[in-house]
Amino acid sequence: MARVSRKVSAITESATLAVDAKAKALRAAGEPVIGFGAGEPDFPTPPHIVDAAIAACREPRNHHYTPTAGLPELRNAIVEKTRRDSGLDCEARQVVVTNGAKQAVAEAFQALLDPGDEVLLPAPYWTTYPEAIALADGIPVVLPTSDTTGFRVSVDQLEAARTPRTKALLFVSPSNPTGVVYRPAEVEAIGRWAAEHGVWVVTDEIYEHLTFGEHCFSSMPVLVPELADTCVVLNGVSKTYAMTGWRLGWIIAPPDVAAAVTNLQSHVCSNVDNVAQRAALAAVTGDLDAVATMRRAFEQRGRTMHELLAAIPGVRCLPPEGAFYCFPSFEELLGREIAGSTPTTSLELCELALDEARVAIVPGEAFGAPGYARLSFALADEDLVDGVERLDKLLR
Ligand SMILES: Cc1ncc(COP(=O)(O)O)c(C=O)c1O
């Protein structure tokens, strides 16, 4: 009998966290590493949110369990916030507060999938999705896209991959890792296709507030109300309010699925940290001024990073439309000699970048897209410029 189960042994380490950990370890050892690996805002959480948490710590009522699905006032506030921000109407009984959107992803698939159910997963994908699907005994069916098609999956591609076992589609826009935002007409067409064929949509809206220029977020169940009974929305405060460490996300699901998720969560973690729930309440009921300031900073940094990357010979890079990532292609540089080595994969190229230029970037292999790499622009302007210039020097 194996010591560790087959299911858990099969999980691959989160490459994004691994790159970040390696960069932090090198930095702790005194190396001047610039980390483009982290998928989190570099800003502190806005003060009014922190103040709400401090006040909550002092109140004994917050020293105890909350209902599994979350504080009633927070679930109500999420209903209001969702109506305000995306235009989706839902009820508090449909909301389950989770330990970050990551737990929302895991619980959504646990609640929806039976063994062998297929989930359509456009690539490049966020590394956690295929693992969460597999842990729920589902089968991720990867649909590749490339920079030449703007990293956006088409209805034709989805239809070609549909089988009698297709249970769900994972949809995310703005996207991690590509920074791409689907156009409203595309979101609507995909939603209509899903509704027509009874395919569930799990839509990750965590980057809803981070869109740039003329690009705007659109919520699939708002554009396609027929999806109401077969759509699960995932969201959270991590990216919008610079609250990654607080661990607070949520699921909005049809009432039967929300009830199932609540049952599951009651045995996994009981509830989310009470103080973090109070902080999230302050976040989602507050104004969006701090969010707008952070969004503007990301937009400016994204423009700078894109210009610098696109100027490196052999590198192709689309301008980021949302989130805080550039996802350039390094394909043309593979197989060429760089600093005495000849990387043939983006994985090897990223290792070389860390070893030779002390720049941490995440290889496309982690996102089902070899040949590319992800660079987060959630870091200080000076570091951003210094890091990409180092990369430029290495690759020229
Ligand atoms: C697309 C996407 N969804 C969900 C998450 C999870 O966010 P959290 O668990 O911090 O709320 C992330 C974090 O990187 C993400 O990029």
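Whatever order the structure lists ligands and atoms in, that order sets their numbers, starting from 1.
Every atom of ligand 1 is numbered from 1 in the order shown, and the set under 4.0 Å from a heavy atom of N176 is 1 (C), 14 (O), 15 (C), 16 (O). When each atom of ligand 1 is checked for a heavy atom of S238 under 4.0 Å away, the hits are 8 (P), 10 (O), 11 (O). Under a 4.0 Å criterion applied to the non-hydrogen atoms of A101, ligand 1 contributes the atoms 4 (C), 6 (C), 7 (O), 8 (P), 9 (O), 11 (O). Counting atoms of ligand 1 from 1 in the listed order, those under 4.0 Å from a heavy atom of I206 are 1 (C), 2 (C), 3 (N), 7 (O), 11 (O). For ligand 1 and G100, the ligand atoms under 4.0 Å from any heavy atom of the residue are 9 (O), 11 (O).
With respect to atom 2 (C) of ligand 1, the closest heavy atom belonging to the protein is D204 OD2, 3.4 Å. Scanning the protein heavy atoms around atom 5 (C) of ligand 1, the nearest turns out to be W126 CH2, 3.3 Å. Here the heavy atom of the protein found nearest to atom 13 (C) of ligand 1 is K239 NZ, 2.7 Å.
For T244, no nitrogen or oxygen atom sits less than 3.5 Å from a nitrogen or oxygen atom of ligand 1, counting backbone and side chain alike. At under 3.5 Å, a nitrogen or oxygen of Y207, whether backbone or side chain, sits near a nitrogen or oxygen of ligand 1.
Of all the listed residues (R247, K102, M243), R247 holds the heavy atom that lies closest to atom 10 (O) of ligand 1.
Below 30°, between 30° and 60°, or above 60°: for Y372 and F327 the angle between ring planes is below 30°, a parallel geometry.
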ring-ring contact (aromatic ring centres under 6.0 Å, His included) between F109 and Y129, intermediate numbers included: CA-CA 9 Å; F109 288 123; Y129 297 140; 7.4 Å; no
Output, in order, the C-alpha distance, side-chain angles, deciding distance and verdict of side chain to side chain contact (heavy atoms under 4.5 Å, CB included) for R316 and E332. CA-CA 9 Å; R316 292 194 313 267; E332 286 176 33; 3.8 Å; yes
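Tested against E208 for a salt bridge (charged side-chain N to carboxylate O under 4.0 Å, His left out), the candidates K239, R295, K81, R84 yield a single pass: K81.
At least one heavy atom of Y129 sits closer than 4.0 Å to an atom of ligand 1.
Once rounded to the nearest 0.5 Å, the distance linking CZ of R83 with CD1 of I78 reads 13.0 Å.
Between F217 and Y207, the distance from one ring center to the other does not fall under 6.0 angstrom.
For the residue pair T163 and E118, a side-chain donor N or O sits within less than 3.5 Å of a side-chain acceptor on the partner.
V105 and I139 fall into different hydrophobic clusters, where Ile, Leu, Val, Met, Phe, Trp and Tyr residues are linked whenever their side-chain heavy atoms come under 4.5 Å apart, directly or through other members.
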